[in-house]
Enquirer: 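I am attaching a structure below and will ask some questions about it afterwards.
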Number of protein chains: 2
Amino acid sequence: MNPEKTRKLLSAEREALICESLTGGVKTIAELSSELKVSEATVRRDLESLENSGAIRRVYGGAELLRKRNSEPLYEEKAAIHPQEKTTIAEKAIQFLKEGDTIFLDGGSTVLEMAKRLPAIPNLTIVTNSLMAAAELMEKKHRLILVGGEFRSLSRTLVGPLTAKILENVSISKAFLGTIGFEPERGISTTDPNEAFTKELVMKRADKVFLLADSSKLAVSSFVFSGNASDIDTLITDSGISPAAVKLLKSQNIEVIFS
Amino acid sequence: MNPEKTRKLLSAEREALICESLTGGVKTIAELSSELKVSEATVRRDLESLENSGAIRRVYGGAELLRKRNSEPLYEEKAAIHPQEKTTIAEKAIQFLKEGDTIFLDGGSTVLEMAKRLPAIPNLTIVTNSLMAAAELMEKKHRLILVGGEFRSLSRTLVGPLTAKILENVSISKAFLGTIGFEPERGISTTDPNEAFTKELVMKRADKVFLLADSSKLAVSSFVFSGNASDIDTLITDSGISPAAVKLLKSQNIEVIFS
DNA sequence: AGCGATTTTGCAAATCTTTGAAAGACTTTT
DNA sequence: AAAAGTCTTTCAAAGATTTGCAAAATCGCT
């Protein structure tokens, strides 16, 4: 895997190699010990350290990588996935904005495209939990409110129960949400429970909920669901969505708009 | 890697070379020592200096690069006015941090320096209203909570009554505040009433309040005052402050620490 | 330039960490 | 319930770090 024959490895290096080696699945202590050419005692100590830094989980006889279930790509990678669809969806969504609206902008790269293109609509108040969107909007002259909360680095959003403290005190006319997965039957789903909590709260508080999701998100589902499909008023998507799905959505009173 | 055969390197040059050399991953002290042709003791001292300027992390036996110079910064930084004083004040302030603390970081360039240098103290929770600080801390692995509220673009902080919603729900052991002006008689003052509101609230909620202010801030006063001087427990400043001011502060039970 | 003061550097002794091995406690399997 | 394997604890040795000190380099001042 990695020669590094020359010198002894530092514990930091060993830990990195262990994580790398664990991507192939579970490994026993004996396997790791012979891969790294250190004693089993040392492997155990490394695993203990990795475990309480949250990277892995120890199982009897070995260890497994933790953050692997339905793993969410890193922030930079995500933006690159369907850039064309994301842009056209964002442009379509902007057409729904009206003077005097108080809108909520969620995290995710599709909604971020929206923030980047936000035109100079008079008297617009923007509420967001996305630090990326906030960075885009900073220089513009709209009124900008961030909901507080716990920072989640993977999505660069503020999530969790603390977000309720502010969301409960503002009134939102239109919310624009992104998602990891969306099933017409069960609604939107995410990897993180705190993120799901905040999305659900926003859906409850907003007069009108727009979901921005390119067709690759359809029929994908992740770990935690937020509310259910009927909490969404309008889905803005691209033409890759199946006619059957459209029919199912319309039967639930969800408007489908194509970019 | 780099010849530079002619003369001895200055420590600043060595430190730059160390960082460059570390981009390839972890390095041992012995490797760095032979690369730079200096003794291991010197390498250790350089690493110590680099570590508490926040650039690298020392691991037993060597060091690794901490913040890989990744994508362009989320927020552009304004040039600081007294960078040297601010840095040393920030470094002094960091020494007050303990394992398990929940700290508040205010806006302003001095406190921002603190955020940049924040070491890997276990179990540290950071609450902040500064988007600049949040951007710095994003990549690190501390628990990070943003108070929500209205965004004030001049200071890039979240301010106003909405900040109370979250501040009232967290308990802060140590708060580190910046300010525009500070008078020993009347306390800290700012240009914006919303900003003043938030500072005042933080001072009420924190167990211990540290004010980080270089001596140019002393005896300057701005528009709105937050609380009064006695709300501050400790002032961290530079040696430019007058002995009379120190005496006045001590008479109000405010500890004065020099960077 | 010259001289003293300050800082930086390298070395070595003392201290602290990490490592591997072995004994005993605990889990899983038969 | 016994056997086999795995985990935790303990200890000594090897290696790394810190600290104190003296030599060298640098700086500041006349």
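First the proteins, then the strands, lettered A, B, ... as listed; each starts at 1.
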Enquirer: Does a side-chain N-to-carboxylate-O contact under 4.0 Å join B:Arg58 and B:Glu64?
Expert: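 No salt bridge links B:Arg58 with B:Glu64.
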Enquirer: Would you confirm whether B:Arg117, through its side chain, and B:Ile94, through its main-chain N or O, come within 3.5 Å as a donor-acceptor pair?
Expert: no
Enquirer: Please check: side-chain N/O of A:Glu40 versus main-chain N/O of A:Ser33, any donor-acceptor pairing under 3.5 Å?
Expert: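 Here the side-chain-to-backbone pair does not exist.
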Enquirer: Step by step, would you call B:Phe210 with B:Ile236 a side-chain contact (heavy atoms from CB on, under 4.5 Å)?
Expert: CA-CA 7 Å; B:Phe210 294 80; B:Ile236 306 181; 4.0 Å; yes
Enquirer: All N/O contacts under 3.5 Å from nucleotides 19-26 of chain C to the protein, with atom names and distances to one decimal?
Expert:
residue	atom	partner	partner atom	Å
C:dT19	OP1	A:Arg14	NH1	2.9
C:dT19	OP1	A:Arg14	NH2	3.0
C:dT19	OP2	A:Arg14	NH2	3.4
C:dG20	OP2	A:Ser39	N	3.2
C:dG20	OP2	A:Ser39	OG	3.0
C:dG20	OP2	A:Thr42	OG1	2.1
C:dG20	O5'	A:Ser39	OG	3.4
C:dG20	N7	A:Arg45	NH2	2.4
C:dG20	O6	A:Arg45	NH1	3.3

Enquirer: Roughly how far, to the nearest 0.5 Å, is the CG atom of B:Leu235 from the CG atom of B:Leu212?
Expert: 8.5 Å
Enquirer: Round to the nearest Å and state the distance from A:Arg44 atom CZ to C:dT18 atom C1'.
Expert: 17 Å
Enquirer: Under the salt bridge (charged side-chain N to carboxylate O under 4.0 Å, His left out) criterion, do B:Arg152 and B:Glu195 qualify, and how do the steps go?
Expert: CA-CA 8 Å; B:Arg152 178 168 182 256; B:Glu195 186 114 26; 2.5 Å; yes
Enquirer: So how far off straight is the helix from C:dA1-D:dT30 to C:dT30-D:dA1, going by the axes through five pairs at either end, to 10°?
Expert: 50°
Enquirer: Can you pull out every ring pair (Phe, Tyr, Trp, His ring centres under 6.0 Å) where at least one residue sits in residues 212-241 of chain B? Sequence neighbours excluded, please.
Expert: none
Enquirer: Taking B:Gly181's backbone N and O only, do any of them form a donor-acceptor pair with B:Thr179's side chain (distance below 3.5 Å, no angle check)?
Expert: yes
Enquirer: Rounded off to whole Å, could you give me the CD-to-C1' distance for the B:Glu48 and C:dT9 pair?
Expert: 15 Å
Enquirer: Which residues satisfy the salt bridge (Lys or Arg N to Asp or Glu O under 4.0 Å) test with B:Asp231, sequence neighbours excluded?
Expert: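 Scan of B:Asp231 (salt bridge (Lys or Arg N to Asp or Glu O under 4.0 Å), adjacent residues dropped) gives none.
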Enquirer: Under 4.0 Å between a side-chain N or O of A:Arg58 and OP1 or OP2 of D:dT8?
Expert: yes
Enquirer: Counting only pairs under 3.5 Å, give me each side-chain donor-acceptor contact of residues 103-110 of chain B, with atom names and distances, residues two or more places apart or in other chains.
Expert:
residue	atom	partner	partner atom	Å
B:Asp106	OD2	B:Gly178	N	3.2
B:Asp106	OD2	B:Lys199	NZ	2.5
B:Ser109	OG	B:Lys86	NZ	2.9

Enquirer: By a strict heavy-atom criterion of less than 4.0 Å, which residues belonging to residues 89-100 of chain B are in contact with DNA chain C?
Expert: none
Enquirer: Please state how far atom CD1 in A:Ile29 lies from atom P in D:dT8, giving the value in whole angstrom units.
Expert: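 Interatomic distance, CD1 of A:Ile29 to P of D:dT8: 9 Å.
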